Amino acid sequence: MKENTFVKTHGLGNEYIVLDSDNISFQLTEKAIKRICNVNFGIGSDGILLKVPSDKADFGLKIYNPDGSEAEKSGNGLRIFCKYIYDYNFTENRQFTVETKGGLVNADIVEVTEAGKAKLITVDMGQAIFNAKEIPTRFDSEEAIGKKLMANGKEFEVNCVSMGNPHCVVLKEQLSIDEIKEYGRYLEHHEMFPNRINVQFAKVISRNEAEILIWERGAEFTLASGTSSCAVACVLRKRNLIDNKVKIKMLGGATI
């Protein structure tokens, strides 16, 4: 690929720009990340995926949010990155490992097209962590499930979990885009969350289906998120609101 070539694609409307650290001629500074992700003055994106060397896995991945901060993990980002790795011939193997800031991930190219491009990809999102300090949160209890806190004058009951990155799930009887856009940033930056946090408003439809809205840390309101859907599923199962298999509906699409 030519120098500074990028690939832009999306997973359920969650869009990323993919770059190779061996093939860019500029420093990917906070300023550069903000400019590239800006929809008016750059390419426009929910984040940047940067292929980097790794001594622990087959490939290394750095994930940057539009505000220039680094994310630990992204489900959609990982699937996009794995498709990039396979489609652009960085490997012929259909199973490989990816090192992220949030841990090592096993990836599997389950199905390919007749043209030899990745069509169906699965990634192991790892084990959910409910320990309040490991997420991390500043709650004194062992877990942060059903905890009350105030955000911009409104009380929320939050359920916190880590999928390699921190999440705050709020159960709702009705979902409102205006509400999550108004309060998402206050929950993200709440003093109880030292590393900030991803926020999901979740509505249980049945034992096998839920609907969510997403405020992503460093990216704000987004159409879909792989780690968010995993986090919501784990919280709902822990609270015995769903069965083991559940469809999570997002504005960008659904995941099971």
Side-chain angles (χ1 to χ4, degrees), residues 1-54 59-91 98-102 105 107 109 113 115-121 123 164-165 177 180-181 184-185 188-189 196-200 213-229 250-253 255:
M1 298 176 72
K2 294 182 180 179
E3 188 177 66
N4 297 327
T5 298
F6 71 90
V7 172
K8 180 182 176 183
T9 188
H10 74 92
L12 300 178
N14 190 199
E15 54 187 9
Y16 279 95
I17 295 162
V18 191
L19 294 169
D20 184 349
S21 62
D22 292 330
N23 195 36
I24 57 175
S25 62
F26 58 92
Q27 290 278 334
L28 201 58
T29 61
E30 180 179 324
K31 182 179 180 180
I33 293 165
K34 289 180 177 178
R35 182 64 179 261
I36 291 170
C37 292
N38 187 283
V39 69
N40 300 114
F41 298 101
I43 301 168
S45 174
D46 289 322
I48 293 176
L49 307 173
L50 181 67
K51 175 181 166 291
V52 296
S54 172
F59 302 97
L61 169 63
K62 287 187 175 294
I63 306 167
Y64 294 104
N65 297 315
D67 67 355
S69 61
E70 185 177 355
E72 297 92 344
K73 195 181 282 187
S74 164
N76 286 322
L78 275 161
R79 291 190 300 119
I80 289 168
F81 180 73
C82 291
K83 178 173 174 60
Y84 170 81
I85 290 296
Y86 190 80
D87 287 1
Y88 287 89
N89 302 313
F90 290 103
T91 184
V98 180
E99 181 186 0
T100 70
K101 188 177 179 181
V105 175
I109 309 298
T113 66
K117 303 298 183 182
K119 181 179 180 180
L120 178 63
I121 303 161
V123 291
N165 58 345
I177 293 175
I180 197 169
K181 284 185 174 181
R185 71 179 71 254
E188 175 193 351
H189 293 272
R196 297 188 292 164
I197 205 161
N198 297 285
V199 180
Q200 300 85 33
L213 296 174
I214 303 159
W215 180 275
E216 197 166 1
R217 180 185 56 167
E220 301 189 355
F221 183 72
T222 53
L223 298 180
S225 166
T227 56
S228 291
S229 57
M250 299 169 282
L251 291 179
T255 183

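Residue numbers start at 1 and run along the sequence shown. From a predicted model like this one, the values you see are computed outputs, not experimental measurements.
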When you compare the side chain of Ile17 with that of Leu49, does any pair of heavy atoms fall below 4.5 Å?
no
Less than 4.5 Å apart, side chain to side chain, heavy atoms only: is that true for Ile177 and Leu251?
yes
For residues Tyr86 and Ile121, determine if any side-chain heavy atom of one lies less than 4.5 Å from a side-chain heavy atom of the other.
no
Using the salt bridge (Lys or Arg N to Asp or Glu O under 4.0 Å) definition, which of the options Arg185, Lys34, Arg196, Arg35 pairs with Asp67?
Arg196
Atom CG of Asn65 and atom CD of Glu30: how far apart are they, to the nearest 0.5 Å?
11.0 Å
For Gln27, I'd like to know if atom CD has over 12 heavy atoms of other residues, nucleotides or ligands within 6.0 Å.
no
Report yes if the side chains of His10 and Asn14 come closer than 4.5 Å at any heavy-atom pair, otherwise no.
no
Where does the angle between the aromatic ring planes of Phe81 and Phe59 fall among parallel (under 30°), tilted (30 to 60°) and perpendicular (over 60°)?
perpendicular
Less than 4.5 Å apart, side chain to side chain, heavy atoms only: is that true for Thr9 and Tyr84?
no
Going by the side chain to side chain contact (heavy atoms under 4.5 Å, CB included) test, name the single residue among Ile214, Asn76, Leu213, Asn198 that passes it with Thr222.
Ile214
What distance separates Leu50 CG from Ile24 CD1, expressed to the nearest 0.5 Å?
5.5 Å
So how far is it from Ser74 OG to Asn165 CG, rounded to the nearest 0.5 Å?
8.0 Å
Strictly by modelled atom types, are Glu188 and Trp215 linked by a side-chain donor-acceptor pair under 3.5 Å?
yes
For a quick test of reading the model, state the closest non-hydrogen atom pair linking Glu3 to Asn23 and the distance between them.
CA-OD1, 3.4 Å
When rounded to the nearest 0.5 angstrom, what distance separates CG in Asn38 from CD1 in Ile33?
13.5 Å
What I'd like to find out is whether the side chain of Lys51 reaches to under 4.5 Å of the side chain of Val18, using heavy atoms alone.
no
Any chance you could measure Ile63, atom CD1, to Leu78, atom CG, to the nearest 0.5 Å?
5.5 Å
Candidate pair Lys83 and Lys119, rule side chain to side chain contact (heavy atoms under 4.5 Å, CB included), full reasoning
CA-CA 8 Å; Lys83 178 173 174 60; Lys119 181 179 180 180; over 6 Å; no
Closest non-hydrogen atoms of Ser225 and Met250, given as atom of the first, atom of the second and distance, are N-SD, 3.5 Å
For Phe221, does the CZ atom have more than 12 heavy-atom neighbours from other residues, nucleotides or ligands under 6.0 Å away?
yes
Nearest heavy-atom pair of Gln200 and Ser228: which atoms, and what distance?
NE2-OG, 3.0 Å
Taken to the nearest 0.5 Å, the spacing of Phe6 CZ from Ile48 CD1 works out to 10.5 Å
When you measure from the side chain of Lys73 to the backbone of Gly164, do you find a donor-acceptor pair of N or O atoms at a distance under 3.5 Å?
no
Check whether any side-chain heavy atom of Glu70 lies under 4.5 Å from a side-chain heavy atom of Lys62, and answer yes or no.
yes
Quick check: do Val123 and Arg79 have side-chain heavy atoms less than 4.5 Å from each other?
yes
Taking atom CZ of Phe26 as the centre, report whether more than 12 heavy atoms of other residues, nucleotides or ligands fall under 6.0 Å from it.
yes
Go through the steps to decide whether Leu28 and Leu19 satisfy the test side chain to side chain contact (heavy atoms under 4.5 Å, CB included), and finish with yes or no.
CA-CA 10 Å; Leu28 201 58; Leu19 294 169; 4.2 Å; yes
Assess whether atom NZ of Lys8 is packed by more than 12 heavy atoms of other residues, nucleotides or ligands within 6.0 Å.
yes
Heavy-atom closest contact (Gly218 atom, Pro66 atom, distance)
O-CD, 3.1 Å
Smallest heavy-atom separation, Ser45 atom then Tyr16 atom, equals OG-CA, 3.4 Å
Give the minimum heavy-atom separation between Ser21 and Val52, together with the two atoms involved.
OG-CA, 3.5 Å
